[in-house]
Every structure is written in structure tokens, then in C-alpha cells.
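Notes to accompany the following structure.
Lettering follows sequence order; numbering is per chain, from 1.
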Protein chains: 2
Amino acid sequence: MSKGDETRDSVLRVALAQSSRVGLRGITIGGLAEAMEMSKSGLFAHFGSKEGLQTAVMDYAADAFTQLVIRPALKEPRGEPRLRTLFDRWLGWGGYADYALPGGCIFISVASEYDDEPEGPVRTKVVQIERDLLDTIETIVRGGVTEGQFRESTDAAAFAHDLLAIMLGYAFSARLLHDPAAAARAQDAFDRLLDHIRS
Amino acid sequence: MSKGDETRDSVLRVALAQSSRVGLRGITIGGLAEAMEMSKSGLFAHFGSKEGLQTAVMDYAADAFTQLVIRPALKEPRGEPRLRTLFDRWLGWGGYADYALPGGCIFISVASEYDDEPEGPVRTKVVQIERDLLDTIETIVRGGVTEGQFRESTDAAAFAHDLLAIMLGYAFSARLLHDPAAAARAQDAFDRLLDHIRS
DNA sequence: GACCAGTGCGAACGGTCGTGCTTTTATTGG
DNA sequence: CCAATAAAAGCACGACCGTTCGCACTGGTC
């Protein structure tokens, strides 16, 4: 990896952490440059525009999520173990695990930042990421059906959406309300959801 | 109502609509003044600071929510009818009802905008609003228990949180993913939740 | 007719934003 | 080791931000 790619990478690491706190719109080239102890123009040159920086952050975040959440889950045996690991890692990602971002799940922040946008590269990216995630969940659930762990009548798409809602509720309760019972409640909801599809 | 209060009110009406799209941080005095066809300084004088404007918008939004969602629900008979009306109106508020904001539920936007803030008047207000809402739901649920419609063992607080999560999931699916099945899925989840506590 | 509080406007401020140039410094391949 | 190239800095720009301040206009009261 060349020097340029290396600094670009470390800029993105800092930018991602910062974005999770203040959103993709909230980050500034100047503020980022100061945190990196380099000049605005030098940092700017790596991305060409602010939008270029934002989309790069989203790509970087998607990679991190895949590595930290998806991949550990896919290493588990099919069906319930895989689903449980996904849930645990996902909860950690959006919460306070050691691998979590300082401002929680960035996709949730970006989603509510860009949900009313007519279109644009950033919105497109976050939609794609969420769709992929829902797809992954559905595939895992269907794998469990194939294995005979879950009922034949399981609606995988509905399950994926319900699971997403649980995560959103957890982020809300934990991050905004500082509810100490947030994680336990999310776990309960997940267990109930799982009971519902178990055969 | 004096002339000043009148303009202040119509400014807040526009500011609320604008905030639901771009967030409380996204609104600008200049943009708001242009939309109102008045001068920046004239508009500014009504609120003293941008933070003053933001907190005023939150108060205005809380009033609107009470009037459009809470009040119609409390007019219904205790228990399930009251709960169903609350859900319907709430779904409309965050979705595409005629009384909805153009950018969806502003509290969700503000929540993810300010969830990592250390403190501050705006954050305090949105937390208060959400706590009040959860309290209201709990009270309604407990009313249903008293009436014998819901089981004695019902955990009202858990129900309120689960209902909130359903709304968050709906907003996410509808506003970001433009999922046509979002409302139906939310309704399904609500029915399941209700079944679970019915005696 | 003079006063007066309420209301809004216009101009200007210091600051920060993203971005374009040119120049200097660092890295890299032969 | 040196030339070619990549990376970073320096500097300036126009635009917009929230905010301040003085002034003009309005309606009602002595």
C-alpha cells in the first residue's frame, strides 16, 4: 500500500468515527484535517470533493460492518447459531462493544439524514447496504428452514424487517434514552422472534 | 394573539416542516427568512438565537403531536380501541397521512441528530417528549389491564418499547427503503403485539 | 402633537464552509 | 543517486453561517 493510500485509509478511519457522532453532513474537511494534523487542501486532494469523502466513508463503513458483523456470523453453523451470532455482533456494533463506533451505528444516522433526499450517491449507498443486510438475514433464515430448525411457513423477509426494527429500537433506547434495560429488552424481543419461527 | 405572536407562529409552522426534512441542525435562519419572505434579522429577533429557534420548534412539534395523535386516542374508549387509534394516528404522523410532516416524524430525526450530544436544551426536550410518549402508552395499556381486556401479567413498559420499535422500523422501511409493504408489516407486528397481551 | 413599546428591515461583522490554484516537499522506480 | 511522480502545503476565493446594531415604521396612550 502506497503512502497515499495509507493516509487516505487513516483519514477514513477518523472520518468514520467522527461521522458516527455528527453524521455524514456534520463532518467538515477542516475539522477532519485538524484531527489528522494535516492541511485542509492536502486532505481534500484525496477525495476531490466532500461528496467523494462521504461516499468513501460509506464504503469504508460497509467494509467494517462486513468484517465485524457479517463475517463472524457466517463462520457459525447454519441456522440458529448463525442467526444468534449475527444478532450479538450487530447489537455490539450499534451499541458499546469494543469494536463499536463512538457514535453508534452509522447507517442509522445516515439513514435518517438522507431519507428525504430525492436521490444522490450517498443515499443510494446506504439503501444498498441496508438491502444487502436484509438479504443476508433472509438467506440465513432460509438456511435454517432448509436445515429443519425453522418452520417451513417462515416469512424470511418479515423476520428480517422485524429484526431490523429491534435493532432500531435498541439504538434508540440505549443511545438517546440511556435506558439500562435496552440490551436486555432487545435480547428478549429477539428470543421471542426466534421462538416464533422455531419448529 | 398579537402581530408578533402571529408571525412567530407561522415561522414555526414553516420551520417545523423544514426541520422534518433536513433536521434541526439543517435549518438556517437565512433559508427560513427567504421562505417566509422576511428579513433574516427580523425573523431572528423572535427567537434570540438559533438554539432558541430550535427549542421553539420542538415545543411546537410536541404540541402538534399531542393534538394530532395523543388527543384523538384519548377520546376513544379505554383499552384496545384507544391503543389502536394511537397506533393508527402515530403511523400516520410518521408516514404519509394528510397531517404528517413532509419529512416524516421529526422526533426520530432529532433523536438521531442529538443522541450523542452530551446534553443541551434540544436533547433534553426530545428525551422528555419520548419519555412522555412511552408513559402515555404504558398508561393506556394499564388501563386495558384494569378493564380486563389485557392479561394481568402484561409488562406495560416492554409493550411501549416494542411499539416504539415498530414505529421506528416503519419509518425506516417507508422513508428510506420506500418499501410499499412497510405499513402492512407494521400493522401485522402491531396485531401480533396486541395478541400477545390480550386475555 | 409628542411619546412609546412593538415589530421589522438593512447593512455589516467575524467566522467557517467547500474548493481552486500554485508551490514545495516526500516518495518511488530505474 | 537522480529524475519522475505522488503527496501535501500554502494561500486565496466566494458563499453562507449566526449574530449585532441602528434605524424606520406602526399603532395606541397621555
Per atom distances to the S41(B) side chain, the nearest of dG8(C), dC21(D), dC17(D) is dC21(D)

Rounded off to whole Å, could you give me the NZ-to-C1' distance for the K40(B) and dT7(C) pair?
-> 19 Å

May I have the distance from L43(B) (atom CG) to dT20(D) (atom P), rounded to whole angstrom?
-> 15 Å

Length of the CZ-C1' vector between F47(A) and dA6(D), whole Å | 16 Å

Verify the contact: side-chain N or O of H46(B) to OP1 or OP2 of dG6(C), cut-off strictly under 4.0 Å; return yes or no.
-> no

Taking atom types as modelled and ignoring hydrogens, do the side chains of D63(B) and Q67(B) form a donor-acceptor contact shorter than 3.5 angstrom?
-> no

Between L133(B) and W90(B), is a side chain to side chain contact (heavy atoms under 4.5 Å, CB included) present by the stated rule, with each step listed?
-> CA-CA 11 Å; L133(B) 174 58; W90(B) 192 5; 3.5 Å; yes

Which is true for S39(B) with a 4.0 Å heavy-atom rule: it touches a base, it touches only sugar-phosphate, or it touches nothing?
-> base

Among dT19(C), dA12(C), dC11(D), which nucleotide sits nearest the side chain of I29(A)?
-> dT19(C)

Ring geometry between W93(B) and F107(B) (parallel below 30°, tilted from 30 to 60°, perpendicular above 60°) = parallel

Whole angstrom is fine here: how far is it from CZ in F44(B) over to C1' in dT7(C)?
-> 16 Å

Within this structure, what is the CE-to-P distance between M1(A) and dA7(D), rounded to whole angstrom?
-> 12 Å

Distance in angstrom units between M38(A) CE and dT25(C) P, rounded | 16 Å

Nearest nucleotide by nearest heavy atom, which residue falls closer to the 5' end of DNA chain C, T7(B) or E51(A)?
-> T7(B)

Got a sec: does the CD of E34(A) have more than 12 other heavy atoms crowding it under 6.0 Å?
-> no

For the pair made of CD1 in I27(B) and P in dC16(D), what is the distance, rounded to whole Å?
-> 18 Å

Spacing between R25(B) atom CZ and dG18(D) atom P, to the nearest angstrom | 13 Å

Reported CD-to-CG distance for the pair Q149(B) and L194(B), which is rounded to 0.5 angstrom | 9.0 Å

Of the nucleotides dG8(C), dC17(C), dA8(D), which one has an atom closest to the side chain of T28(A)?
-> dC17(C)

